[in-house]
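Not measured: the values here are computed from a predicted model.
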Amino acid sequence: MEKNDVDNPAFDMAPEMPSKSPPDMNGDATSAPYREIPMTKRQILKNVLVLSFGFMFLFTAYQSMANLQTSLNKEDGVGAWSLSAIYAALIVSCMFLPKFIIARLGCKWTVPLCMIGYAAYMGANFYAVIWLMTIAGVILGFGAAPMWSAKCTYLTQLGVWYAKMTKQSEDAIINRFFGFFFMMFQTSQIWGNLISSSVFSSKPDNYSDIINRSAEELDICGADFCPDFAINNPSFDQPQEKVYIVCGIYLGCAIMAMIIVSVFLDPITLDQETSAEDRRLSPKLLIATFKHLISSPAQILLIPLTAYSGVEQAFVGGDYTKSYISCTLGIWNIGYVMICYGVVDAICSFAFGRLVQYVGHIPFFILATLVHGGLQIALLLWAPDQDQVVIFYVIAALWGMGDAVIQTQINALYGSLFTENTEAAFANYRLWESVGFVMTYAYNDQLCTHTKLYVCLAFLGTGMLGYAIVEIMERQKKSHAADITVPQNKI
């Protein structure tokens with residue numbers, strides 16, 4: 001759903017240590033009671049690996065199926081509406097369900113239970129009608145927030161235990177575990193798209209009709225593409241048996257993810273016990289989210305930029321894949337091009353997340369503005385051609401670079417701006433990013449591509465303007481705080 005900053009995934013494979021916390025640092029083993037750690041180091045590392053593989057299998061299916069939705073299930077906007085339903089349900093789920101479900105089921109069983117929604121969505125694609133796909137999307141969306149929250153809580157707890165056993169920094173170990181997890185997670189973009197392109201790559205019966213289209217027939221592709229143009233376009237057509245093969249493979253990946261987590265992941269008891277309030281459905285986070293929104297000018301100013309994060313991801317996965325790749329090159333090329341997008345996005349996310357501590361946020365947001373703004377203008381002007389295959393990959397790679405900036409820097413910006421109210425702030429982040437997704441997928445089957453590009457440019461421009469104002473406000477606040485600080489030697 002979102003991309004995260006990751007750290008060095010290398011693990012410290014030191015010898016096993018007793019599964020108890022070390023004695024008091026002053027050497028008195030009786031000065032404080034031991035806190036039992038119910039796993040050995042080997043068990044902790046095994047569980048990190050199991051969780052990582054489970055999510056890799058799950059998102060091998062989901063991310064690639066999402067990339068295909070607007071091209072594969074184009075009739076009546078079925079694919080786009082199902083994706084819109086996912087993010088609409090996700091908004092509601094984030095506000096109410098994570099603590100409630102985790103408190104009742106625990107972290108381990110929350111994950112495979114919520115994976116059922118992903119498997120149901122894969123299965124619904126065998127009979128892709130709007131009512132079934134929408135229901136499946138809602139089920140997936142409701143399960144997504146608890147699943148990701150349980151994963152984060154589980155990995156964090158493992159990191160705390162491992163840090164105690166090895167006497168290392170908790171932050172360093174937690175970042176190391178998350179680094180390994182997201183390294184595995186990001187590879188799902190490669191495997192899933194490779195599966196779809198391999199299945200669809202054998203020449204269809206209408207292959208000659210696709211590659212021999214005239215310049216006039218290709219004129220409908222690109223910025224001038226409108227939803228109705230896909231109806232009689234041979235490049236979108238695939239034999240039903242191939243569609244079933246892809247859906248079957250992805251459903252198998254989702255089921256494999258559930259089996260891996262259910263069988264091999266160990267249950268854990270959190271150090272921080274759940275409260276009675278956590279076991280009840282509560283509007284507490286919803287109230288805190290909107291209270292934070294109306295009381296923070298910076299949060300209000302960041303709404304367009306946060307929404308742009310959803311808009312641009314939905315555009316590249318829903319419109320670039322359909323209006324440019326499928327329309328011009330055929331649906332079987334979506335996977336290959338999106339592999340390029342995913343690999344560059346992952347590499348840049350890893351690099352930019354570390355460089356920000358040396359150069360700050362501003363240069364990266366400038367880079368994102370120039371790259372995405374330039375690409376959107378280029379897409380408005382470019383007439384895609386079957387002889388310019390390399391350009392499709394270059395655009396995907398550059399879009400991945402810009403997306404890496406947007407994802408890593410907005411997350412880091414929220415973390416630095418709202419240190420005293422992080423839960424409500426990140427709830428706003430999830431809310432407005434999901435609004436961007438919902439809106440973009442909702443109008444996917446209503447507007448032509450050039451109009452969608454203008455919407456992207458409007459959100460990008462407004463978002464960066466709001467960010468610039470926030471930076472000015474923060475600098476003025478720091479300058480004012482420095483002016484009123486009295487030096488200690490003057491007191």
Side-chain angles (χ1 to χ4, degrees), residues 1-2 4 84-102 138 141-142 144-146 148-149 152 275 277-278 280-314 361-362 365 368-369 406-443 455-481 484:
M1 308 281 221
E2 61 186 45
N4 291 265
S84 185
I86 289 172
Y87 290 99
L90 180 64
I91 294 173
V92 179
S93 177
C94 286
M95 298 299 170
F96 297 100
L97 295 182
K99 287 186 177 180
F100 171 73
I101 293 180
I102 293 171
V138 169
F142 279 141
W148 280 95
S149 295
C152 291
S275 65
E277 184 179 0
D278 290 337
R280 298 193 302 266
L281 284 174
S282 171
K284 183 178 178 181
L285 180 57
L286 179 66
I287 295 169
T289 299
F290 285 99
K291 184 178 179 180
H292 171 73
L293 175 64
I294 63 177
S295 64
S296 173
Q299 179 64 77
I300 294 172
L301 287 166
L302 288 175
I303 288 175
L305 181 61
T306 310
Y308 176 73
S309 172
V311 170
E312 60 90 6
Q313 289 180 77
H361 298 294
I362 296 176
F365 279 117
T369 305
I406 296 297
Q407 304 310 314
T408 59
Q409 301 311 307
I410 294 181
N411 273 281
L413 182 64
Y414 269 72
S416 63
L417 286 177
F418 308 117
T419 54
E420 297 180 358
N421 201 6
T422 54
E423 186 176 23
F426 278 99
N428 269 282
Y429 172 83
R430 293 190 297 267
L431 168 65
W432 296 110
E433 182 185 48
S434 296
V435 167
F437 275 110
V438 172
M439 179 187 67
T440 307
Y441 285 129
Y443 64 57
V455 172
C456 283
L457 282 167
F459 269 97
L460 176 62
T462 307
M464 290 303 174
L465 177 61
Y467 162 71
I469 296 173
V470 169
E471 282 285 358
I472 294 170
M473 289 169 54
E474 287 300 304
R475 288 173 182 268
Q476 290 177 341
K477 186 187 298 183
K478 291 178 182 178
S479 176
H480 180 68
I484 63 175

- [ ] Could you tell me which non-hydrogen atom of Pro146 sits nearest to which non-hydrogen atom of Leu97, and how far apart they are?
- [x] CG-CB, 3.9 Å

TODO: Can you measure from NZ (Lys291) to CG (Asn428) and round to the nearest 0.5 angstrom?
DONE: 13.5 Å

Open item on the list: Let me confirm one number: the CG-CD distance from Leu413 to Glu471, rounded to the nearest 0.5 Å.
Closed with: 6.5 Å

- [ ] Just do the side-chain contact (heavy atoms from CB on, under 4.5 Å) check on Ile362 and Phe365 with the steps written out, would you?
- [x] CA-CA 5 Å; Ile362 296 176; Phe365 279 117; over 6 Å; no

Task: Approximate separation, where rounding is to 0.5 Å, of Leu293 CG and Trp432 CH2 - done: 6.0 Å

Task: Audit row: Phe290, Ile294, side-chain contact (heavy atoms from CB on, under 4.5 Å) steps and yes/no - done: CA-CA 6 Å; Phe290 285 99; Ile294 63 177; 5.5 Å; no

- [ ] Could you tell me how the ring of Phe426 sits relative to the ring of Tyr429: parallel (under 30°), tilted (30 to 60°) or perpendicular (over 60°)?
- [x] perpendicular

Task: Where Ser434 and Ile91 come nearest, the two heavy atoms and their spacing - done: CB-CG1, 3.3 Å

TODO: Applying ring pair (Phe, Tyr, Trp, His ring centres under 6.0 Å), name anything that partners Phe459, two or more places apart in sequence or on another chain.
DONE: none

Open item on the list: Return the OG1 to CZ distance between Thr289 and Arg430, rounded to the nearest 0.5 Å.
Closed with: 7.5 Å

Task: Donor-acceptor contact below 3.5 Å, side chain Gln313 vs main chain Ser309 - done: yes

Open item on the list: Tell me the closest heavy-atom pair linking Ala424 and Ala288, and the distance in Å.
Closed with: CB-O, 3.6 Å

Task: Non-hydrogen atoms of Ser93 and Ala145 that approach each other most closely - done: OG-CB, 3.2 Å

TODO: To the nearest 0.5 angstrom, please state how far the CE atom of Met95 sits from the CG atom of Leu90.
DONE: 9.5 Å

Open item on the list: Determine whether a donor-acceptor pair (N or O, by modelled atom type, separation under 3.5 Å) exists between the side chain of Thr462 and the backbone of Ala458.
Closed with: yes

Counting only pairs under 3.5 Å, give me each side-chain donor-acceptor contact of residues 298-307, with atom names and distances, residues two or more places apart or in other chains.
unit_1, atom_1, unit_2, atom_2, d
Gln299, OE1, His292, NE2, 3.2
Gln299, NE2, Tyr414, OH, 2.9
Thr306, OG1, Leu302, O, 2.7
Thr306, OG1, Tyr414, OH, 2.7

TODO: First locate atom OH of Tyr443, then atom OG of Ser84, and finally report the distance between them rounded to the nearest 0.5 Å.
DONE: 11.0 Å

